[in-house]
There are 2 protein chains.
Amino acid sequence: MQDVSETRLTFKAATLRRDSLQQQIYDHLRSDIMTGVFRPGETLSSRSLATELGVSAMPVREALTRLTTEGALELTTSRTLRLRLLTPEDFDEITAIRTDLEGMAAERAAEQITGDSLARIGKLNDDLTAAANSGDADRYLKANATYHAEIYKISGWPLLLSMIERLWLIVGPSIRTCVPDRDHMATSQGFHDAVMTALTKGDAKAVRAAIVDDIQTAAHDIRAFLASGQKH
Amino acid sequence: MQDVSETRLTFKAATLRRDSLQQQIYDHLRSDIMTGVFRPGETLSSRSLATELGVSAMPVREALTRLTTEGALELTTSRTLRLRLLTPEDFDEITAIRTDLEGMAAERAAEQITGDSLARIGKLNDDLTAAANSGDADRYLKANATYHAEIYKISGWPLLLSMIERLWLIVGPSIRTCVPDRDHMATSQGFHDAVMTALTKGDAKAVRAAIVDDIQTAAHDIRAFLASGQKH
DNA sequence: CACTGCAATCTGAGATCGCAGATCAACGAT
DNA sequence: ATCGTTGATCTGCGATCTCAGATTGCAGTG
């Protein structure tokens, strides 16, 4: 592998050096973790990932180290890396921070939004609704992640976005294990529609409230799941 | 070097393997950056740091990579790493996030505080006052960092603390370049005393308000400095 | 004296090798 | 059959070597 995401552009990517190999691997793993490709507690080894991707162990290792620093992975006593397991207390903490930061990003996005970006969010919301109706959990999770991320990007605050993404990185696997639920998708879509109407009206406080409701409703389901004893 | 922080315990640390070399180097650099040992824009090279510390380039490299991910360092076009230079806009963003997160941590700490921890914070506040009176900027900055960190630790939310520390990591160098100012230390001590009285009264909202005031007052000075064109 | 050009020397990044723990399965003794 | 031990094979971590790009400084030429 020279380019993790697009194997057909291998040579071009290797020549132009779009990013370092390590960066590509990091981005790839990060995206996979956020969207729930890996399960909580699943172990990741640098060597096996390296052979799987066709590179040396080093760039994989550095990517995994970065993910460990960010709290997505944890080092077990037996020196193996695994996806972090969240306690209900961990989850409460993350939810509190998420409502604060995502609420701030959403409110600011509402103040900064332009016609173009509003239209783009509208389209992403349609995609999200379609994904929810299709019942395809993977598709829904990906659409949900991009929908939220695009809103927060409008805030114009990249550091804020990166901190929010770090939180997603930690809760992503847990979300994946319990969200494939049609009821959850339906109620969540209600909040997303509320976000859209508030955005079009330019009501920043209402946008924040709808985002916070979305997070807390999802958190309620996930917390119940975590407390009930995790079945991975 | 086998142990970055305590060279006299070299052998013991190497034997007991308290942490990986990379982790020790990371912690060491992180602390140095937060407390302003390095200046904004200063370049850091993995090899020179490695020879300086007496280790191979690799653990230093991984530590620097992690710091780059967190936004403390940036990669220039000539592929050298340097301490990130903040624009006034960057600084506004960080300040907004800091008031949110540190306010939340302080408020929660006030709710969770015990007699023991209150006494410890009181002692740290005394240290801070002494440092301010001494006029020793380095000592003051270190005391200030531990004072705030200890308060936030009481919140019992480690992820929140680590996210706050990431913000400190980014603003640390800029703070160092403009804070060595007796007036600033004096006004800041006023807020710290307000934190103490609010903590003893158990008034969580007042604790949050005092912390927010402290951050915003400092931010005002730093922003003026950044806007005036940075003289490193 | 000024400008051009080449070479030495920086930089980060990747590959490869070896080490020390930890796990686990197979094998032998009881 | 069961328990204990041992060795093969995982794991992450560090050192070393190499490469490509960028900078720098010195030398040679106009």
Side-chain angles (χ1 to χ4, degrees), chain A residues 1-4 10-29 38 41-85, chain B residues 1-4 7 10-29 38 41-84:
Chain A
M1 178 203 77
Q2 297 299 322
D3 186 305
V4 183
T10 293
F11 176 72
K12 190 176 177 185
T15 306
L16 299 181
R17 286 291 294 280
R18 191 194 59 186
D19 270 322
S20 69
L21 247 183
Q22 170 195 150
Q23 185 66 41
Q24 294 178 46
I25 295 168
Y26 172 79
D27 290 339
H28 186 245
L29 289 177
F38 302 106
E42 186 171 347
T43 84
L44 296 179
S45 106
S46 61
R47 278 206 249 266
S48 49
L49 270 175
T51 57
E52 185 180 332
L53 296 172
V55 296
S56 84
M58 165 136 354
V60 180
R61 192 168 115 185
E62 302 201 11
L64 292 178
T65 305
R66 288 163 73 178
L67 293 169
T68 306
T69 325
E70 296 182 314
L73 305 177
E74 58 187 0
L75 192 55
T76 68
T77 56
S78 62
R79 306 207 310 175
T80 63
L81 286 172
R82 71 173 177 201
L83 250 75
R84 182 168 161 197
L85 290 171
Chain B
M1 177 202 78
Q2 298 299 323
D3 185 307
V4 183
T7 44
T10 293
F11 175 73
K12 189 177 178 186
T15 306
L16 298 182
R17 284 292 291 281
R18 190 194 60 188
D19 270 323
S20 69
L21 248 183
Q22 171 196 149
Q23 184 67 41
Q24 295 178 47
I25 295 168
Y26 172 79
D27 290 339
H28 186 244
L29 289 177
F38 303 106
E42 186 171 347
T43 87
L44 295 179
S45 108
S46 60
R47 278 206 252 267
S48 49
L49 271 175
T51 57
E52 185 180 333
L53 296 173
V55 296
S56 85
M58 163 137 354
V60 179
R61 192 168 113 188
E62 301 201 34
L64 292 179
T65 305
R66 288 162 72 178
L67 293 169
T68 306
T69 324
E70 297 181 312
L73 306 177
E74 59 188 359
L75 193 55
T76 68
T77 55
S78 62
R79 303 207 312 175
T80 64
L81 286 172
R82 71 173 176 201
L83 250 75
R84 181 166 162 199

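The model shown is predicted, which means the values in this text are computed figures rather than measured ones. Here is how names work: the chains are called A, B, and so on, in the same order as the sequence lines, proteins then strands, and each is numbered from 1. The analysis underlying the following values was restricted to heavy atoms, covering all of them including side chains, and did not include hydrogens, waters or symmetry mates.
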**Asked** Between the axis at one end of the helix from C/dC1-D/dG30 to C/dT30-D/dA1 and the axis at the other (five pairs apiece), what's the angle to 10 degrees?
**Response** 20°
**Asked** Does B/T65 use its side chain to pair, donor to acceptor, with the backbone of B/R61 at less than 3.5 Å?
**Response** yes
**Complete:** Between CG of A/L73 and P of D/dG12 the distance, given in whole Å, is 10 Å
**Request:** Calculate the interatomic distance between A/I25 atom CD1 and C/dA13 atom P; express it in whole Å.
**Result:** 13 Å
**Request:** Mind checking the CG-CG spacing from A/D27 to A/D19? Nearest 0.5 Å is all I need.
**Result:** 6.5 Å
**Message:** If the test is side chain to side chain contact (heavy atoms under 4.5 Å, CB included), which one of A/L83, A/L73, A/L44 qualifies with A/L67?
**Reply:** A/L73
**Prompt:** For B/L75 and D/dA20, what is the distance between atoms CG and C1' respectively, to the nearest whole Å?
**Reply:** 14 Å
**Prompt:** The side chain of A/S20 lies closest to which of these nucleotides: C/dA13, D/dG14, C/dT11?
**Reply:** C/dA13
**Request:** To the nearest 0.5 angstrom, please state how far the CD atom of B/E52 sits from the CG atom of B/L49.
**Result:** 5.5 Å
**Prompt:** How many Å lie between CD on A/Q22 and C1' on C/dG12, as a whole number?
**Reply:** 10 Å
**Item:** Euclidean distance, atom CG of residue A/L81 to atom C1' of D/dC13 [Å, nearest integer]
**Value:** 11 Å
**Request:** Return yes if the base of C/dG12 and the side-chain atoms of B/R47 contain a donor-acceptor N/O pair under 3.5 Å, otherwise no.
**Result:** yes
**Verdict with supporting geometry, A/L81 and A/T43, side-chain contact (heavy atoms from CB on, under 4.5 Å)** = CA-CA 6 Å; A/L81 286 172; A/T43 84; over 6 Å; no
**Asked** Does B/R66 come within less than 4.0 Å of A/E62, counting only side-chain N to carboxylate O?
**Response** no
**Message:** Between the base of C/dG14 and the side chain of A/R61, is one N or O donor paired with an acceptor at under 3.5 angstrom?
**Reply:** no
**Item:** Pairing of B/R82 and B/E42 as salt bridge, 4.0 angstrom limit
**Value:** no
**Prompt:** For A/T80 and D/dT11, is the shortest distance between a side-chain N/O and OP1 or OP2 below 4.0 Å?
**Reply:** no
**Prompt:** Between A/S78 and D/dT11, does any side-chain N or O lie under 4.0 Å from OP1 or OP2?
**Reply:** no
**Message:** I need the CZ-C1' distance between A/R79 and C/dA20, as an integer number of Å.
**Reply:** 6 Å
**Residue whose nearest DNA chain C nucleotide is more 5′ - B/L64 or A/T77** = B/L64
**Message:** Whether A/S56 contacts C/dG14 is assessed here as follows: a side-chain N or O lying under 4.0 Å from the phosphate OP1 or OP2. Is that the case?
**Reply:** no
**Request:** Mind calculating the distance between CE (B/M58) and P (D/dC17) to the nearest angstrom?
**Result:** 12 Å
**Prompt:** Which whole-number value in Å describes the distance from B/Y26 OH to D/dC13 C1'?
**Reply:** 18 Å
**Request:** For A/E62, report the nucleic acid contact type (base, sugar-phosphate, nothing); a contact means any heavy atom under 4.0 Å.
**Result:** nothing
